[in-house]
Amino acid sequence: MTDANNGSAGKAAGGAKGPDELRRQIAETRSQLGATVEELAGKTDVKGRAMARAADLRDKAGAMTVQLRSSAAQAGHTVQEKATRVGHTVQERASRAGHTAQDRAAGAAQAVQERAADGGHTVEERLPGPVRTVLVTGRRHPGVAWAALAAMTAAGAWQVWRAYRRAK
């Protein structure tokens, strides 16, 4: 090779100018060679590389586990919130249905009560005059009506007893 400085072919690459320079170049070459040997030794250390790779994979798996747990917890919260909303919706609809049924039952009861009252008035209108008078008086004065009923019951019982005594 040719030296770029002086063009001579006898010198080594970068050519040493003296024994000190040559020793320095040898030390530098040894250092570079040592680094290269360490790199090659690291590449051929299969067990060491496998252990380093395993450590990396363990770290990634741990990070993935944390991420999955977080995602699962978030999904659980989401499901719980949706279930709560659905539960409230169902409860509200059931409450509305109950109120609707109650309102309809009250309306039906009122209709039956009105029909019964109308029927009672119709029967009352068809009664003969004296009976209607007694009925109206009984409604106005319930104490008197009860007393009259008791008197009629006593009179009937006395008549039955008298007939029984005569038959003996």
Side-chain angles (χ1 to χ4, degrees), residues 28 30-168:
E28 186 177 319
R30 282 183 184 161
S31 174
Q32 289 175 355
L33 184 60
T36 304
V37 168
E38 283 182 25
E39 279 183 38
L40 288 174
K43 287 182 180 180
T44 59
D45 183 16
V46 176
K47 182 178 178 183
R49 288 176 58 199
M51 289 175 68
R53 177 78 172 139
D56 287 344
L57 290 176
R58 269 194 304 273
D59 291 344
K60 286 181 183 178
M64 195 63 115
T65 301
V66 169
Q67 185 179 4
L68 287 174
R69 284 183 182 166
S70 174
S71 297
Q74 185 177 5
H77 289 300
T78 302
V79 167
Q80 185 178 11
E81 289 172 2
K82 286 183 180 180
T84 301
R85 271 187 262 137
V86 168
H88 286 141
T89 302
V90 167
Q91 185 178 12
E92 288 173 9
R93 288 182 182 173
S95 177
R96 272 190 255 137
H99 288 299
T100 302
Q102 187 177 12
D103 291 344
R104 287 182 182 171
Q110 186 174 359
V112 166
Q113 193 175 26
E114 288 172 2
R115 285 185 184 169
D118 290 344
H121 289 298
T122 303
V123 169
E124 183 181 331
E125 290 169 2
R126 292 184 183 172
L127 289 175
V131 175
R132 191 176 329 134
T133 304
V134 169
L135 182 67
V136 171
T137 305
R139 244 190 274 145
R140 287 185 188 153
H141 307 287
V144 173
W146 283 108
L149 180 64
M152 285 189 285
T153 305
W158 183 72
Q159 293 262 343
V160 169
W161 179 75
R162 199 168 133 198
Y164 174 75
R165 295 281 286 171
R166 283 188 191 164
K168 276 187 172 187

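Owing to the predicted nature of the structure, the values given are computational and were not obtained by experimental measurement.
A donor-acceptor pair under 3.5 Å is formed between the side chain of Thr36 and the backbone N or O of Gln32. Counting only distance, with no hydrogens or angles, the side chain of Thr100 and the backbone of Arg96 share a donor-acceptor pair below 3.5 Å. Between the His141 side chain and the Thr137 main chain, no donor and acceptor come within less than 3.5 Å of each other.
Here the side chains of Met51 and Lys47 are in contact, with some heavy-atom distance below 4.5 Å. Between His88 and Gln91, the closest side-chain pair of non-hydrogen atoms falls below 4.5 Å.
Counting all heavy atoms, side chain and backbone alike, Gly138 lies closest to Ala145 at CA-CB, 3.7 Å.
Here Gln80 contributes atom CD and Thr84 contributes atom OG1; the two are 5.5 Å apart, rounded to the nearest 0.5 Å. Taking CD of Glu38 as the start and CG of Leu33 as the end, the distance is 10.5 Å to the nearest 0.5 Å. One distance of note links OG of Ser31 with CD of Glu28; it measures 7.5 Å at 0.5 Å rounding.
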